[in-house]
Amino acid sequence: MSTIVRNTKRLLTDDDGATLMEYGMLTLLITVLSIVAVKSIGQKVSTGFSTVNTQLP
């Protein structure tokens, strides 16, 4: 019986899962922002190259 109580107390005070979840959410946020930035910058770079290409003789 004491093993069950001890394991239950440890489960209730253990916050490793919450920390892992926070790091996962932070990684997801950084990934999404990076994708948006690359798409935005990529379109501008592509437009710039097209402009230069049309101006070349």
S.K.: Of the options V32, T31, L33, V38, which is the one that meets I35 in a side chain to side chain contact (heavy atoms under 4.5 Å, CB included)?
M.R.: T31

S.K.: Starting at CG of L26, measure out to CD1 of I30 and round the result to the nearest 0.5 Å.
M.R.: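 Answer rounded to 0.5 Å: 4.0 Å.
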
S.K.: For the atom pair OG (S34) and CG (L29), what is the distance rounded to the nearest 0.5 Å?
M.R.: 9.0 Å

S.K.: Say whether, by atom type as modelled, one donor and one acceptor occur between the side chain of T27 and the main chain of Y23 under 3.5 angstrom.
M.R.: yes

S.K.: Do V45 and V36 sit in one hydrophobic cluster, given that two such residues count as connected whenever their side-chain heavy atoms are within less than 4.5 Å of each other, even indirectly?
M.R.: no

